[in-house]
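Inspection log for the structure reproduced underneath, given as structure tokens.
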Amino acid sequence: MVYQQMSALKGPTFQLPPLNSTPSYHTRRNAMWRSPKAAITPNFHLPMRSTEVRNRTFTDDIKALRLITAIKTPYLPDGRFDLEAYDALVNMQIEHGVEGVIVGGTTGEGQLMSWDEHIMLIGHTVNCFGGSIKVIGNTGSNSTREAIHATEQGFAVGMHAALHINPYYGKTSLEGMVSHFNSVLSMGPTIVYNVPGRTGQDIPPRVIHNLARSPNLAGVKECVGHGRVDQYTKNGIVVWSGNDDQCHDSRWDYGATGVISVTSNLVPQLMREIMFRGKNITLNAKLLPLMKWLFEEPNPIGLNTALSQLGVVRPVFRLPYVPLPLAKRVEFVNIVEDLGRENFVGEEDVQVLEDDDFVLIGRY
């Protein structure tokens, strides 16, 4: 009876030996094993692809962006997203001419979000601001499985492009890196993010040139420096500087299209000037002390502290991030006064804040 039921599974992938037969060791050793049919069917896992075009952005639309802000994610006192403060911050970016936002990137603390939070914030941003600014969702991961799933969901909720980092910590071979990126490139416009200081592994040019065969590669957010920017731009690959302190020279001396910026959270209008209005050595020099201050500790510690001091977000930190110490907060007040409070986001006077004013959340 058992054999009759099993024999109903027709096809060459399931064959039982006759009852009462015992295959010899030699037979078992040399028998050809066949994988289940599903495992060898091309495109068995079909992409979640939509044919609607109302909200679709083409790769060339992303390539043209010059100023993209890696937007900060503000929090309520219990650690949940403060969407009211977030909306105000995005609106300030739009009002001052920023063309795109990275949602849930390193600056936006995507590394501290659940994927549910992550996709919700991308969808919220598209729903509220997608008609006014390009929404680029950070759906990268060191796990290819997670990157595929998150990118499918991100495009399903309407993001215009994806940001993808190379697998970090565990890392992989260069061939594995190419396979990882190719697993998500087919879904839509994609920016590859190279930041060896965080991942522990550089994405070398031969990987990028391989990926550039895909029409969906919008370009590279490059943090290695001017030499790499110059190399890519001379080969027709779009590059955004990932280093605020280098972005002016990368843009005007080495051919970068623009910058994906942290500093523009604070001074979007000034960052637009150095990206759009030609070489401005004087303004760039004025901005360098602010940029240096922002990155004295790992990003986004400085930005979170600054936006709290400006009264734009509540002084709430998700651990492991903690605010800059008192002396650095005093230094920021002086920087704001030197650049002019009117050039910064928000309307409240800049404050030093006391240590007790900050809320640190370990469970969120």
Test side chain to side chain contact (heavy atoms under 4.5 Å, CB included) on V359 and Y75 and set out the steps. CA-CA 10 Å; V359 178; Y75 303 114; over 6 Å; no

For T107 and N299, run side-chain hydrogen bond (donor to acceptor under 3.5 Å, both in side chains): C-alpha distance rounded to whole Å, both residues' side-chain angles, the deciding distance at 0.1 Å, then the answer. CA-CA 6 Å; T107 305; N299 179 52; 2.8 Å; yes

Show the numbers, then the answer: is there a side chain to side chain contact (heavy atoms under 4.5 Å, CB included) between M275 and R251? CA-CA 7 Å; M275 286 295 103; R251 170 87 169 102; 3.9 Å; yes

T151 vs H164, side-chain hydrogen bond (donor to acceptor under 3.5 Å, both in side chains): CA-CA, chis, key distance, verdict: CA-CA 9 Å; T151 304; H164 278 282; 3.0 Å; yes

Would you check, one step at a time, whether the test salt bridge (charged side-chain N to carboxylate O under 4.0 Å, His left out) holds for E99 with K134? CA-CA 6 Å; E99 299 172 300; K134 296 302 181 189; over 6 Å; no

Stepwise, does the side chain to side chain contact (heavy atoms under 4.5 Å, CB included) test hold for R314 with L76? CA-CA 7 Å; R314 289 178 169 88; L76 294 167; 3.6 Å; yes

S308 vs L353, test: side chain to side chain contact (heavy atoms under 4.5 Å, CB included). Steps then yes/no. CA-CA 8 Å; S308 298; L353 298 181; 4.1 Å; yes

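Checking Q93 against N265 by side-chain atom types alone, no donor-acceptor pair falls below 3.5 Å. With hydrogens and angles left out, the side-chain atoms of N194 and K221 include no donor and acceptor closer than 3.5 Å. In the model, D87 has a side-chain atom that pairs as donor or acceptor with a side-chain atom of H124 under 3.5 Å. Defined by atom type and a distance below 3.5 Å, a donor-acceptor pair is missing between the side-chain atoms of Y169 and Q201.
Side-chain contact between I68 and V98: absent, with no pair of heavy atoms (C-beta onward) separated by less than 4.5 Å. Residues V101 and I94 form no side-chain contact, since every pair of their non-hydrogen atoms from C-beta on lies 4.5 Å or further apart. Two residues are said to be in side-chain contact when any heavy atoms from C-beta on lie closer than 4.5 Å; H149 and Q153 meet this criterion. Contact of the T257 side chain with the K63 side chain is not registered, since no non-hydrogen atoms from C-beta on lie closer than 4.5 Å. Annotation: side chain of L266 is in contact with side chain of L294 (closest heavy-atom distance under 4.5 Å). Considering only heavy atoms from C-beta on, L307 comes within 4.5 Å of V345 through its side chain. Between P205 and R228 the shortest side-chain heavy-atom distance falls below 4.5 Å. Y254 has its side chain out of reach of T233: every pair of non-hydrogen atoms, C-beta onward, lies at least 4.5 Å apart.
Atom NZ of K328 is separated from atom CD of E296 by 3.5 Å, given to the nearest 0.5 angstrom. Remark: L290 CG to D245 CG distance equals 11.5 Å, nearest 0.5 Å. To the nearest 0.5 Å, the span separating NE2 on H226 from CD on Q231 amounts to 15.0 Å. Atom CH2 of residue W240 and atom CD1 of residue I62 lie 7.0 Å apart, to the nearest 0.5 angstrom. For the atom pair CG (N235) and OH (Y232), the distance works out to 9.5 Å, reported to the nearest 0.5 Å. Atom CD1 of I122 is separated from atom CE of M159 by 5.5 Å, given to the nearest 0.5 angstrom.
We find that K279 and D253 are joined by a salt bridge, their nearest charged nitrogen and carboxylate oxygen being less than 4.0 Å apart. The pair R329-D357 does not count as a salt bridge, with every side-chain nitrogen at least 4.0 angstrom from each carboxylate oxygen. Salt-bridge formation is detected for the pair R318/E117: a Lys NZ or Arg NE/NH1/NH2 atom is positioned less than 4.0 Å from an Asp or Glu carboxylate oxygen.
Without hydrogens or angle criteria, T190 side chain to G188 main chain gives a donor-acceptor distance under 3.5 Å. In this structure a side-chain-to-backbone donor-acceptor pair under 3.5 Å is missing from S141 to A147. Although no hydrogens or angles enter the test, the distance criterion places no donor-acceptor pair under 3.5 Å between the side chain of H160 and the main chain of I136. Within the 3.5 Å criterion, the main-chain N or O of Q351 finds a donor-acceptor partner in the side chain of Q309. Under the 3.5 Å distance criterion, the side-chain polar atoms of N216 are matched with a main-chain donor or acceptor of L185. Under the 3.5 Å distance criterion, the side-chain polar atoms of N138 are matched with a main-chain donor or acceptor of G104. Side chain of E222 to backbone of V224: a donor-acceptor contact under 3.5 angstrom is found. Between the side chain of T69 and the backbone N or O of I71 there is no donor-acceptor pair closer than 3.5 Å. The closest donor-acceptor contact from the side chain of T59 to the backbone of P215 lies under 3.5 Å. Under the 3.5 Å distance criterion, the side-chain polar atoms of D78 are matched with a main-chain donor or acceptor of R80.
Scanning both residues, Y193 and L163, for their nearest heavy atoms gives CB-CD1, 3.8 Å. For the residue pair M177 and T172, the shortest heavy atom distance occurs at N-CG2, 3.5 Å. Closest approach of L360 to P323, counting heavy atoms only: CD2-CD, 3.7 Å.
One hydrophobic cluster, built from ILVMFWY side chains closer than 4.5 Å, holds both I119 and V90.
For L174, the CG atom is densely surrounded, since the number of other residues' heavy atoms within 6.0 Å is greater than 12.
Cation-pi check for R341 over F344 is not met; the charged atom does not lie both under 6.0 angstrom from the ring centroid and within 45 degrees of its normal.
Ring to ring, Y86 and F81 are not that close: their centroids are 6.0 angstrom or more apart.
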